[in-house]
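Everything below concerns the one structure shown next.
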Amino acid sequence: MNALNKGLQRGAVDALAAVPAIPRDAAGPVFAEPWQAQVFAITLALHERGLFSWPEWATYLSAAIKQAQSDGDPDTGDSYYHHCLAALEVLLQDKGVAGGGQLSALKQAWAAAAESTPHGQPIEL
């Protein structure tokens, strides 16, 4: 196993300890869809680069979950990574890493790329 993979594994262990709500099994985080793993990996990478601490992430994630619940999310567990994505977007804006306009443009570009990509092929922007 290379150093990058070892570092990612250590970071995942730290994330699981700091944010216990992450869906997991005995082997670690569980993802129903590839985008969920990508959100987790991006969050992990940004933490490892020092953008935020795990307690800070937990605060943002908690706020995203509370907001979703107040908006009517039944909190059945299947929307966890939607909350992670919402928290990450707010965190990036608050840290000045990406503005709302940038995130909106990226979402639109991603949706257009996904729509034009044949089923089973990787989506590329």
Side-chain angles (χ1 to χ4, degrees):
M1 178 177 304
N2 66 34
L4 175 61
N5 286 340
K6 285 182 184 178
L8 288 174
Q9 280 188 335
R10 179 72 226 153
V13 168
D14 291 345
L16 289 172
V19 188
I22 294 173
R24 67 179 107 200
D25 62 16
V30 180
F31 310 104
E33 299 181 34
W35 73 266
Q36 296 172 345
Q38 292 168 341
V39 168
F40 182 77
I42 291 167
T43 302
L44 184 59
L46 292 173
H47 163 73
E48 289 180 349
R49 285 173 176 76
L51 185 65
F52 55 85
S53 67
W54 285 129
E56 187 176 14
W57 170 251
T59 299
Y60 275 83
L61 180 57
S62 176
I65 291 170
K66 287 178 185 171
Q67 180 62 51
Q69 289 172 341
S70 76
D71 291 343
D73 180 10
D75 196 19
T76 58
D78 59 348
S79 57
Y80 177 81
Y81 288 106
H82 289 280
H83 305 319
C84 288
L85 182 56
L88 187 58
E89 289 176 353
V90 172
L91 182 70
L92 292 173
Q93 289 178 54
D94 287 355
K95 296 282 185 174
V97 174
Q102 291 171 307
L103 294 174
S104 178
L106 187 57
K107 283 181 187 179
Q108 290 174 359
W110 183 259
E115 199 169 301
S116 65
T117 301
H119 180 73
Q121 298 298 312
I123 299 170
E124 295 181 21
L125 290 178

How long is the straight-line distance from SG of C84 back to CD1 of I65, given to the nearest 0.5 Å?
7.0 Å

Could you grab the distance from atom OG1 of T59 to atom CZ of F52, nearest 0.5 Å is fine?
11.5 Å

Using atom types as modelled, flag every donor-acceptor pair under 3.5 Å from a side chain in residues 35-45 to any protein atom, sequence neighbours excluded.
unit_1: W35; atom_1: NE1; unit_2: E33; atom_2: OE1; d: 3.0
unit_1: Q36; atom_1: OE1; unit_2: A32; atom_2: N; d: 2.6
unit_1: Q36; atom_1: OE1; unit_2: E33; atom_2: N; d: 3.2
unit_1: T43; atom_1: OG1; unit_2: V39; atom_2: O; d: 2.8

Measuring only between side-chain heavy atoms, which start at C-beta, is W57 closer than 4.5 Å to L51?
no

If you apply the rule side chain to side chain contact (heavy atoms under 4.5 Å, CB included), what do you find for L46 with L91, and how did you get there?
CA-CA 11 Å; L46 292 173; L91 182 70; over 6 Å; no

Between A86 and A64, which heavy-atom pair has the shortest distance, and what is it?
CB-CB, 4.3 Å

What pairs meet the side chain to side chain donor-acceptor pair (under 3.5 Å) rule with one or both residues in residues 82-100, with sequence neighbours excluded?
E56-K95, Y60-D94, D73-H83, S79-H83, E89-K107

Side-chain polar contacts of residues 117-125 - donor-acceptor pairs under 3.5 angstrom, sequence neighbours left out - could you list them?
unit_1: T117; atom_1: OG1; unit_2: A113; atom_2: O; d: 2.5

